[in-house]
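The figures here come from the full heavy-atom set of this structure, side chains too, leaving out hydrogens, waters and symmetry mates.
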Amino acid sequence: MVFQKGPGSKEFGGRRNRIPIDLLGTSFSLDDFSSHLELIEKLVAVDYKATIERLLLELFDQPKQRMDYRKLIGFYCSHLINLGYERNYIRHVVEDTFFERPVVRMGRKTLEKFLKTFDGKNHRYVVQVGVTRDLGNYLRGLGFNASMRVTGSAYENTLNQNPNADVLPSVLEWSVETLDPEAAMDSAYQVLSAQRAIVFLDPYGMHCEWGQTMHVTLHRAQTGRAITKSDFFDDKPRPPSIGARTRRVTRARTISNYAADIAGNFDEPSTERLISSIRTAALARTSFNPENRLISLWSAIEVLLSEPREVARIVHYAKLIVPCIVMRHARRQVIATYNELLPRYRSRLNKITRSMETESHGQEAFAELLFLPENEAHQTALCQLLGENPLALHRVYKLQRDYKNIKAVNSTMDDHYDRVRWQIHRVYRARNQLVHAGQMPSYLESVILNLAEYYRSAIVTIVGRAKKEDLKSDIDQVVSEIGIKYGIMRSHFRKGKADTPLSKEQVGKIMDTR
């Protein structure tokens, strides 16, 4: 889709119907294009969820349709989140259905029962939250249903799970219609957060505190359950140590080395800006409020990059940050797969890579094993090694397929670049909805998770680039050089013949070692 001047339009702007769009070689006005989108939504939206569920039931036992099934699951999860279901609720339903108890046989009935859980209908929930005495009196004065805690009540055990239960003698009872209990709990949290924000306006303030663990009951149900306001920035578990010779490097030492790289490779203004950006991003981890998280992360992006000139802000920021995110995508893919295989297959996997004719080690040797055609015999040995682990075999197969020749490399890189650029624009739209319109999108948590990973990837790439310089670097110059280097790499692969397999030098390029 390309925005451009139409054949008869003299200027870009004016009335909406004077701005045409060149779509598939045909010019449409924005009004016409909007009508097309509304028609497509009417035709698709009504049966979209039911259609995906039907396809999931048809393909779940078809071994040759696993890739299509995987895509359907992604579409279905995205649709559930867009409907308004909480990520934690979806995770809990998956765990309860498939992992809480041993599954003897996975049949159509189990899957149907799982899909029926997400009926898309709102239900009325009642949430009880322990609050301080001052906050309870304040809420009662505003007309909220707040009272003193009752001994022997259904919610007593739940509220006692809070570490600060001894300072929460009052209870707020909040009733709301929503899709799931996690959303009901979050609704109560947002109400309390809003009231606390108002309290901050008072010069004297008051003791404003509540319990993160709340009691949620379906309306007219006899029993409820405890739900804790959880942090969806989960820390990734460290890979287990295998073998007596393996030396565990403490996180403190690793982080201190990384901090030294930040402090020692940039000039003073750049170091100050980089630290300020990281400090701003850290605010996202200290707040349970999703609005604050998104605003903090996007502000960290803006602090990190140079100010825009003569172009729209999002165009400028996307142009600079996207290459920093995608530059080492192939390397991260290889390392992620390699690290997942190490705990179980370390010695046998190392035996395969050592038998190859290469001077590389670790993940670089693993990349050459998968991507170079002369290692076909070693690839067969790897497949035999992973024969009893379908998930690992599938991940290795997908990785090898994404970079098996020049055409695959171009397709993978183009797709990833377009997805990241689209997500950055989506993040900016969500941020503007919050800041300028006061609207909170239903997919906010997904946007925050994506942006947090993008920010971390960009910082790693920028610091890694600065480490290669002999002199202290200017951060704006480093970001520009990353964009130039990525453009050179893309140009190199675009000039190659589509069916040409990769060479050792080209594997080094996508692994960012050359």
Side-chain angles (χ1 to χ4, degrees), residues 56 59-74 77 94-95 98-99 102-106 111 236-248 328-409 411-413 415-416 453 501-504 506-508 510-513:
L56 287 172
L59 301 181
F60 85 98
D61 58 350
Q62 303 295 325
K64 295 183 179 180
Q65 302 290 333
R66 288 178 180 174
M67 289 300 297
D68 292 336
Y69 194 73
R70 178 173 170 268
K71 294 177 183 177
L72 282 172
I73 293 174
C77 290
V94 171
E95 290 176 351
F98 302 110
F99 300 104
V103 179
V104 179
R105 182 176 180 272
M106 180 59 63
L111 187 56
K236 295 182 179 179
R238 295 176 61 187
S241 177
I242 305 297
R245 295 184 180 181
T246 304
R247 181 171 60 90
R248 298 178 70 95
R328 310 184 84 187
H329 174 61
R331 182 180 181 85
R332 289 194 296 271
Q333 282 184 287
V334 172
I335 291 176
T337 304
Y338 181 70
N339 287 343
E340 289 293 330
L341 296 179
L342 277 185
R344 184 173 178 181
Y345 305 103
R346 182 184 298 271
S347 60
R348 289 172 287 179
L349 182 59
N350 289 339
K351 184 178 179 180
I352 294 175
T353 55
R354 290 194 190 107
S355 64
M356 296 162 41
E357 295 182 3
T358 181
E359 297 178 357
S360 302
H361 304 281
Q363 55 262 16
E364 284 81 12
F366 184 67
E368 293 181 8
L369 166 63
L370 293 184
F371 303 153
L372 296 181
E374 57 262 33
N375 291 325
E376 184 176 354
H378 302 292
Q379 294 170 4
T380 302
L382 179 63
C383 291
Q384 293 174 350
L385 174 63
L386 305 178
E388 296 180 358
N389 190 338
L391 180 59
L393 194 62
H394 173 72
R395 291 193 64 177
V396 169
Y397 159 75
K398 184 179 182 302
L399 183 60
Q400 195 272 342
R401 184 197 62 181
D402 287 346
Y403 299 94
K404 64 180 179 181
N405 54 33
I406 298 296
K407 179 181 179 181
V409 171
S411 177
T412 300
M413 288 187 172
D415 289 347
H416 183 61
E453 181 61 26
L502 298 185
S503 64
K504 190 171 294 187
Q506 289 171 330
V507 172
I510 65 173
M511 289 294 290
D512 197 30
T513 59

Tell me, please, which residues at least two apart from E95 pass salt bridge (Lys or Arg N to Asp or Glu O under 4.0 Å). R91
Atom pair NE2 (H416) and OG (S411), whose distance is rounded to the nearest 0.5 Å: 13.0 Å
How many angstroms lie between atom CE of M413 and atom CD1 of I510, to the nearest 0.5 angstrom? 6.0 Å
Show your reasoning for whether side chain to side chain contact (heavy atoms under 4.5 Å, CB included) applies to V507 and L372. CA-CA 8 Å; V507 172; L372 296 181; 3.6 Å; yes
Side chain to side chain donor-acceptor pair (under 3.5 Å) with N389: which residues, sequence neighbours excluded? Y345
Where is the tightest heavy-atom contact between V334 and Q363, given as atom of each residue plus distance? CG1-O, 3.6 Å
Considering residues at least two apart in sequence or located in another chain, which fulfil the salt bridge (Lys or Arg N to Asp or Glu O under 4.0 Å) criterion with R395? none
L341 versus A392, closest heavy-atom pair with distance: CD2-CB, 3.8 Å
Tell me whether Q379 contacts the main-chain N or O of E374 through its side chain, where contact means a donor paired with an acceptor under 3.5 Å. no
Looking only at non-hydrogen atoms, find the nearest pair between D68 and L59 and report the distance. CB-CD1, 4.4 Å
Shortest non-hydrogen contact between R401 and A408, atoms and distance: O-CB, 3.5 Å
Measure the spacing between OG of S360 and CG of L369 and express it to the nearest 0.5 Å. 11.5 Å
All heavy atoms of A365 vs all of T353, minimum pair found to be CB-CB, 4.2 Å
Can you give me the closest heavy-atom contact between L399 and Q333, atom names plus distance? CD1-CB, 3.8 Å
Pairwise salt bridge (charged side-chain N to carboxylate O under 4.0 Å, His left out) hits with a residue in residues 328-341, at least two apart: R328-D512, R331-E364
Test side chain to side chain contact (heavy atoms under 4.5 Å, CB included) on T337 and L370; report intermediate values, then the result. CA-CA 11 Å; T337 304; L370 293 184; 5.6 Å; no
For Y338, all residues meeting ring-ring contact (aromatic ring centres under 6.0 Å, His included), sequence neighbours excluded: F366
Can you name the residues that form a salt bridge (Lys or Arg N to Asp or Glu O under 4.0 Å) with K398, not counting sequence neighbours? D402
Check step by step if side chain to side chain contact (heavy atoms under 4.5 Å, CB included) holds for L382 and L385. CA-CA 5 Å; L382 179 63; L385 174 63; 4.3 Å; yes
Interatomic distance, L72 atom CG to M67 atom CE [nearest 0.5 angstrom]: 11.5 Å
Which residues satisfy the side chain to side chain contact (heavy atoms under 4.5 Å, CB included) test with S503, sequence neighbours excluded? E505, Q506
With sequence neighbours left out, which residue pairs that include part of residues 378-409 fulfil the ring pair (Phe, Tyr, Trp, His ring centres under 6.0 Å) condition? F371-Y403
Once you round to the nearest 0.5 Å, how far does CD1 of I352 lie from CE of M356? 10.0 Å
When rounded to the nearest 0.5 angstrom, what is the spacing between OG1 in T412 and NE2 in H329? 7.5 Å
Whether over 12 other heavy atoms sit under 6.0 Å from E376 CD: no
